[in-house]
Amino acid sequence: MSLKKYIGTKIIEAEPAVRLDGEFIQPADFTIPKDVTTVEEGYRVRYPDGYESWSPKDVFEEAYREIDGMNFGLAIEAAKKGAKITRRGWNGKGMWVIYRTGYPDGIPCNKNTAEAVGIPEGSLFKVRPYLQMKCVDGSFQMWLASQSDILADDWEIIE
């Protein structure tokens, strides 16, 4: 049996910490006792469900990036998990993007859409998932990333 390869994306909270003889504590809160035999650098990690664990420094830094300088792929994964994403490089303030699941089972088509797409009003209108942007003027629109957006490393999650 061969193992399959996986890639994961989680939004977590973490802080640098050290582990002394297998017990992790935060660096600011201790003086290393003389009887400690091993000191390991790493991170205290808190998952969305509240579970906390320890991660060695090299393992953590290989797997995680701070959310205020992500690439587009990580930003899209965050949006799919419900986060609002934005770019530091955008000129307009207050702009952000969210992932919308669309209406895969359909919704009744309103008059405006019916006239625009040529289907009867009230008929089932199916919409695939899409990205939606809050524009600088407060309005919303469906959004497509530019090449600059796709290649940028200044994506952030906002509250």
Side-chain angles (χ1 to χ4, degrees), residues 2-19 24-29 40-110 112-119 123-159:
S2 63
L3 297 175
K4 293 181 181 180
K5 292 186 179 185
Y6 294 84
I7 188 167
T9 304
K10 300 176 201 167
I11 300 173
I12 60 156
E13 295 176 287
E15 64 183 342
V18 295
R19 188 160 64 173
F24 71 85
I25 60 175
Q26 298 168 38
D29 297 339
E40 300 171 84
E41 289 186 63
Y43 288 81
R44 179 174 73 118
V45 180
R46 182 180 310 130
Y47 296 92
D49 65 0
Y51 176 76
E52 291 191 10
S53 71
W54 164 264
S55 181
K57 183 178 181 181
D58 58 341
V59 172
F60 181 89
E61 291 177 354
E62 176 72 19
Y64 293 101
R65 290 182 63 177
E66 289 189 42
I67 63 171
D68 65 348
M70 297 181 293
N71 64 37
F72 186 64
L74 289 173
I76 291 300
E77 288 299 320
K80 285 181 174 181
K81 291 181 179 347
K84 291 178 184 174
I85 57 174
T86 190
R87 282 196 55 212
R88 281 191 305 260
W90 280 343
N91 294 331
K93 298 297 177 203
M95 295 169 53
W96 44 261
V97 172
I98 57 174
Y99 172 79
R100 304 294 303 200
T101 58
Y103 303 95
D105 297 326
I107 59 171
C109 187
N110 65 31
N112 185 38
T113 301
E115 290 175 1
V117 299
I119 62 175
S123 63
L124 200 57
F125 184 68
K126 293 183 178 183
V127 180
R128 292 180 178 179
Y130 60 97
L131 297 173
Q132 185 176 56
M133 173 184 267
K134 179 180 178 274
C135 303
V136 72
D137 66 359
S139 63
F140 292 86
Q141 68 181 19
M142 289 179 145
W143 180 76
L144 280 176
S146 69
Q147 185 165 340
S148 294
D149 293 325
I150 292 169
L151 297 175
D153 286 322
D154 65 349
W155 284 95
E156 301 174 324
I157 292 174
I158 59 173
E159 301 290 322

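None of the values given here were measured: they were computed from a predicted structure.
- The nearest pair of heavy atoms linking Ala145 to Phe72 is CB-CZ, 3.7 Å.
- Annotation for Asn91: atom CG does not count as buried by contact number, only 12 or fewer foreign heavy atoms lying within 6.0 Å.
- Using a 4.5 Å heavy-atom threshold, the side chains of Met70 and Glu156 count as separate.
- The two residues Tyr47 and Ser53 come nearest to each other via the heavy atoms CE1-OG, 3.4 Å.
- Rounding to the nearest 0.5 Å gives a distance of 4.5 Å between CD of Glu52 and CZ of Arg44.
- Closest of all the heavy-atom pairs between Tyr130 and Gly102 is CE2-CA, 4.0 Å.
- Side-chain contact between Lys134 and Met95 is absent, with no heavy atoms from C-beta onward closer than 4.5 Å.
- Between atom CD of residue Glu61 and atom NZ of residue Lys57 there is a gap of 5.0 Å, rounded to the nearest 0.5 Å.
- Side-chain contact between Val97 and Trp90: present, with at least one pair of heavy atoms (C-beta onward) separated by less than 4.5 Å.
- With respect to Leu131, the side chain to side chain contact (heavy atoms under 4.5 Å, CB included) criterion is satisfied by exactly one of Leu144, Ile76, Ile98: Ile76.
- In this structure, Ile119 and Phe125 have side chains that are in contact, with non-hydrogen atoms separated by less than 4.5 Å.
- In this structure, CH2 on Trp155 lies 12.0 Å from CG on Leu74, to the nearest 0.5 angstrom.
- A distance of 13.5 Å separates CE in Met133 from NZ in Lys84, rounded to the nearest 0.5 Å.
- Going from atom CZ of Arg128 over to atom OG1 of Thr101 covers 14.5 Å, rounded to the nearest 0.5 Å.
- Counting heavy atoms from C-beta outward, Leu151 and Gln147 have side chains that approach closer than 4.5 Å.
- Residue Glu66 places its CD atom among 12 or fewer non-hydrogen atoms of other residues, nucleotides or ligands, all under 6.0 Å distant.
- Proximity of Tyr99 to Pro129: side-chain heavy atoms (C-beta onward) are separated by under 4.5 Å at one or more points.
- Gln141 places a side-chain heavy atom less than 4.5 Å from the side chain of Cys135.
- When all heavy atoms are compared, the tightest approach of Leu124 to Gly106 is CD1-C, 3.5 Å.
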Test log, rule side-chain contact (heavy atoms from CB on, under 4.5 Å), inputs Ile11 and Ile157: CA-CA 10 Å; Ile11 300 173; Ile157 292 174; 4.0 Å; yes

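- The two residues Gly92 and Val136 come nearest to each other via the heavy atoms CA-CG2, 4.0 Å.
- Ring geometry for Phe60 versus Tyr43: interplanar angle under 30°, hence parallel rather than tilted (30 to 60°).
- The nearest pair of heavy atoms linking Ile12 to Val45 is CD1-CG1, 3.5 Å.
- We find that Asp149 and Arg87 are joined by a salt bridge, their nearest charged nitrogen and carboxylate oxygen being less than 4.0 Å apart.
- By the 4.5 Å heavy-atom criterion applied to side chains, Lys126 and Tyr103 are not counted as neighbours.
- Counted within 6.0 Å of CD on Glu41, heavy atoms from surrounding residues, nucleotides or ligands total 12 or fewer; the atom is thus considered open.
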